[in-house]
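Taking it in order: structure first as structure tokens, then the write-up.
To find a chain, count down the sequence lines: A is the first, B the second, and so on, and within it residues start at 1. All values derive from a computational prediction rather than experimental measurement.
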Amino acid sequence: MVLLALALALQTTPPGEDPVDPYPHSNANAGATPFKGSAMLAAFHGRAGVDRIADDLVTRIVIDPRIADILKGQDEVRLRRLLKEQFCYILNGGCGYSGRTMREGHKNLGLQTADVGALVEDLQAAMRKEGVPFAAQNRFLAKLAPIKRDAVER
Amino acid sequence: MFRHFQALVVCALALLCASPAFAGELRQGGKLMLTSGVSTVEGSAGGGLATWALIAGNETDAGIGGSAHATIVALPDFDLKSVGGAIGLHNRVEFSYAHQSFDTRRAGATLGLGRNFTFGQDVFGAKLRVIGDAVYDQDRVLPQISIGVQYHRATKSAIIAAVGGKHAQGTDFLLSASKVVLARSLVLGATVRFTKANQFGLLGFGGDRSDAYHAEFEGSAGLLVSRRLLLGAEIRTKPDNLGFARERKAVDAFAAWQFERHLTVTAAYADLGSIATFKRQRGAFLSLQASF
Ligand code: HEM
């Protein structure tokens, strides 16, 4: 308990990001368990490829007319960092995930199933651009898909 | 039999109106490519021959969608055509309709019916997604499960009676399970259909050999090759009720290509087996579907 309080107190806001209310840190917040082995990371062209995909994804979603409104005024710097961490963590790239749970991170956004569909299509486009083989794209999407239940407002 | 159909429709609508998504603003589209299936010859969401648990249309739980299809199966001695459509409500309920015509071409003369004698039927369907999400529930084994009912009304009742068919109308009851296994890029489906139909209902329902409901199987398996292309195969077993001609299973191997968000073309090699004593009815299945 003391340790947790200490950890919470020690949270600092990375440069360029807005502060968020303290929350308990855990890799489990990523909402998916990592792959084993290094094949998936290789299919995504390593850490550099993962970073390119996450960056490209954010660049796409903020101009996607289906969901751009939801992302207006949000902390894009933090979102980029945490998506990179989350993807790298799930792809077993040796990262930890330091963000909030998927339920906490999306609460009050009023997300709908169709918003997740739009994001998935943007992610597919980003993975395609990076040249990730289609079967590996699907394996990754299979990990992310259940997050929909936490992200979408009920 | 029509009563069963009505009961399901009423029950489906009651469930739909009770769901929270119904209260909000409607929203167009939102389903991922190929995840509303194509259209079966009966108008329902499925493969070409096998019914899937998926609900027609591109809508999500927040919207209304639909599909329209035109299909031709060109066989050595016959042509089967189907045109129809389906409406999907909140990815929960589907209503479908198809009109089928079955042109006997020259075989019609051989059968004593006259050249180009054409059987026909109307199929009215309703489907309710009961549980599961075929696409998003990737952490669960549970597939998407739907129940359905199809009311068939065949046009040529006199001929149907003459070949031993007991009824020109029939109601099928369906239980379907579908699952996209994303980690393997697979799309799997299985349906049990309780039916008396002879040749999909074109030759009526029940016959001199049997007038009981039979549990028949419709299975399909496909591989997602790209986000637009699904390659697969289907099997559909059928009752064998008529003494004058054997009826066996239908199988096909298909490619469904969603070349545009609202348009999917399906091409297949279909083997419908023996039809009205004409053996080896194998040929091309071609279907165009528009969806919104
Ligand atoms: C299943 C797919 C999704 C995944 C894996 C995902 C992942 C993430 C992650 C890792 C965060 C950071 C959480 C944090 O700030 O601690 C986040 C936040 C956010 N996500 Fe998502 N997300 C998904 C779906 C969506 C969708 C569909 C939208 C909207 C179109 C969306 C919009 C946002 C926004 C606006 C934030 C920032 C919230 C804030 O700063 O308070 N997300 N998401």
Side-chain angles (χ1 to χ4, degrees), chain A residues 28 30-37 39-40 43 61 64-67 69-70 90-92 102 106 109-154, chain B residues 19-36 55 57-65 88 90-92 129 131-144 179-188 222-231 258 261 292:
Chain A
T33 53
F35 286 102
K36 297 192 171 62
M40 283 300 285
I61 58 179
D64 185 332
R66 297 171 292 182
I67 50 177
D69 279 353
I70 301 169
I90 294 172
L91 292 163
N92 202 21
M102 289 296 96
H106 298 96
L109 290 176
L111 295 186
Q112 297 184 319
T113 306
D115 299 319
V116 179
L119 180 132
V120 168
E121 286 180 357
D122 292 336
L123 176 56
Q124 285 179 316
M127 292 189 291
R128 238 182 1 260
K129 187 176 167 203
E130 178 63 30
V132 177
F134 184 66
Q137 292 182 24
N138 287 344
R139 286 189 70 191
F140 184 50
L141 289 177
K143 289 276 193 186
L144 297 186
I147 290 173
K148 180 230 163 196
R149 291 198 302 264
D150 283 335
V152 165
E153 201 98 319
R154 269 155 307 175
Chain B
S19 77
F22 200 77
E25 227 173 275
L26 287 180
R27 185 162 174 182
Q28 279 279 300
K31 254 184 221 165
L32 296 167
M33 298 272 241
L34 291 168
T35 63
S36 57
I55 300 296
N58 297 344
E59 88 288 354
T60 61
D61 48 358
I64 294 176
H90 299 266
N91 196 25
R92 172 65 70 187
R129 178 169 69 84
I131 195 172
D133 185 316
V135 180
Y136 284 106
D137 285 351
Q138 293 298 316
D139 55 340
R140 296 174 180 170
V141 181
L142 181 77
Q144 178 164 328
K179 186 97 190 166
V180 179
V181 186
L182 257 186
R184 299 260 173 280
S185 297
L186 292 175
V187 180
L188 304 175
L223 181 70
L224 286 162
V225 178
S226 80
R227 100 208 132 93
R228 293 180 182 279
L229 182 65
L230 176 68
L231 300 180
Q258 188 163 9
R261 181 176 298 280
F292 64 92

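Comparing Gln137(A), Gln112(A), Gln124(A) by how many heavy-atom pairs each has under 4.5 Å with chain B, the most go to Gln112(A).
With a 4.5 angstrom heavy-atom cutoff, Val152(A) does not touch chain B via any of its atoms. With a 4.5 angstrom heavy-atom cutoff, Val181(B) does not touch chain A via any of its atoms. At a 4.5 Å heavy-atom cutoff, the contact between Arg140(B) and chain A is made by side-chain atoms alone. There is no contact between Val180(B) and chain A, counting heavy-atom distances below 4.5 Å. Residue Arg227(B) touches chain A through both its backbone and its side chain, counting heavy-atom pairs closer than 4.5 Å. In this structure, no portion of Asn91(B) lies under 4.5 Å from any heavy atom of chain A. When heavy atoms are compared at a cutoff of 4.5 Å, Leu223(B) does not approach chain A at all.
With salt bridges taken as basic N to acidic carboxylate O contacts below 4.0 Å, none links Glu121(A) and Arg128(A). Between Arg149(A) and Asp137(B) there is a salt bridge, with a side-chain nitrogen of the basic residue lying less than 4.0 Å from a carboxylate oxygen of the acidic one.
Side-chain polar atoms of Lys143(A) and Thr33(A) form a donor-acceptor pair below 3.5 angstrom.
A donor-acceptor pair under 3.5 Å links the side-chain atoms of Lys179(B) to the main chain of Leu142(B), judged by distance alone.
Residue Arg184(B) qualifies as open at atom CZ: its count of foreign heavy atoms under 6.0 Å is 12 or below.
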Show your reasoning for whether side chain to side chain contact (heavy atoms under 4.5 Å, CB included) applies to Leu230(B) and Val225(B).
-> CA-CA 6 Å; Leu230(B) 176 68; Val225(B) 178; over 6 Å; no
